[in-house]
Amino acid sequence: MSTAEATLLTRAEQLGDRLAAQRLNRNLTQRQLADDAGVALNTLRRLEAGENVSLDTLIRVLEALGLGDRLEALAPPADIRPVDRVRIAAGRERRRASGAGAGGPATPWTWEDDQ
């Protein structure tokens, strides 16, 4: 197992532990939370164990725990530049990244280039 995979598993287990702690702090059983979230009991058990579940399940459980407002912290809105506001207003919203190094100089500028 690679370091990245081990880190992913550790983080998933930590998230599951934290969700279980939030559930217990609210004095909810797994069955009650599963019902409130509209997910199967076994699915909630897998989530709390740090196993792979759908994004939909995670969002449903967070909402049922009253933590849905914290989702924005995972991926805060990107700052919109003024030129992008004009493009969005004109119906030309950005749909893809330009790629690494696009638009920049081919070689980095140094003081010697100025002479």
Side-chain angles (χ1 to χ4, degrees):
M1 177 181 307
S2 72
T3 304
E5 289 171 333
T7 300
L8 181 64
L9 289 175
T10 300
R11 289 184 185 229
E13 288 172 357
Q14 289 172 344
L15 177 61
D17 290 343
R18 289 177 184 170
L19 290 172
Q22 290 289 332
R23 175 180 56 78
L24 292 171
N25 284 341
R26 287 162 176 75
N27 200 29
L28 294 171
T29 65
Q30 285 182 325
R31 166 72 64 202
Q32 288 170 321
L33 180 57
D35 289 345
D36 290 349
V39 300
L41 178 58
N42 284 336
T43 302
L44 178 63
R45 287 180 177 155
R46 285 196 320 270
L47 175 62
E48 288 187 358
E51 296 176 15
N52 197 12
V53 296
S54 71
L55 180 59
D56 178 71
T57 297
L58 176 60
I59 292 170
R60 286 172 179 262
V61 170
L62 288 172
E63 291 289 347
L65 288 170
L67 300 172
D69 59 328
R70 298 194 184 176
L71 286 170
E72 189 172 318
L74 296 174
D79 291 333
I80 298 177
R81 301 176 304 166
V83 70
D84 290 334
R85 289 179 200 271
V86 172
R87 288 182 181 149
I88 291 169
R92 297 184 324 235
E93 187 174 351
R94 189 171 183 183
R95 303 245 184 245
R96 62 180 106 144
S98 58
T107 57
W109 179 84
T110 61
W111 286 105
E112 293 83 34
D113 291 343
D114 216 18
Q115 297 174 354

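By the criterion of side-chain heavy atoms lying less than 4.5 angstrom apart, applied directly or through intervening Ile, Leu, Val, Met, Phe, Trp or Tyr residues, Leu67 is grouped together with Leu71 in one hydrophobic cluster. In the hydrophobic clustering of this structure, Ile59 groups with Leu28; members are Ile, Leu, Val, Met, Phe, Trp, Tyr whose side-chain heavy atoms approach within less than 4.5 Å, directly or through other members. Connection of Leu33 to Leu41 is not established within any shared hydrophobic cluster, with ILVMFWY side chains joined at heavy-atom distances below 4.5 Å, either directly or through further cluster members.
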Report, one line per pair, each donor and acceptor closer than 3.5 Å where one atom sits in a side chain of residues 5-20; sequence neighbours left out.
from  : atom 1 : to   : atom 2 : distance (Å)
Glu5  : OE1    : Ser2 : N      : 3.1
Thr7  : OG1    : Thr3 : O      : 2.9
Thr10 : OG1    : Ala6 : O      : 2.9

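Distance check, rounded to the nearest 0.5 Å: OG1 of Thr43 to CD of Glu48 gives 11.5 Å. Taking CD from Gln32 and CZ from Arg23, the interatomic distance works out to 9.0 Å, rounded to the nearest 0.5 Å.
Without hydrogens or angle criteria, Arg46 side chain to Val53 main chain gives no donor-acceptor distance under 3.5 Å.
Heavy atoms from other residues, nucleotides or ligands lying under 6.0 Å from CG of Asn25 number more than 12. No more than 12 heavy atoms of other residues, nucleotides or ligands shown are found within 6.0 angstrom of CG on Asn52.
Leu44 approaches Ala34 most closely through the heavy-atom pair CD2-N, 3.8 Å.
Using a 4.5 Å heavy-atom cutoff, the side chains of Thr57 and Arg60 are not in contact.
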Review point. For Leu65 and Arg26, what are the C-alpha separation, side-chain angles and deciding distance, and is it a side-chain contact (heavy atoms from CB on, under 4.5 Å)?
Key: CA-CA 8 Å; Leu65 288 170; Arg26 287 162 176 75; 3.8 Å; yes

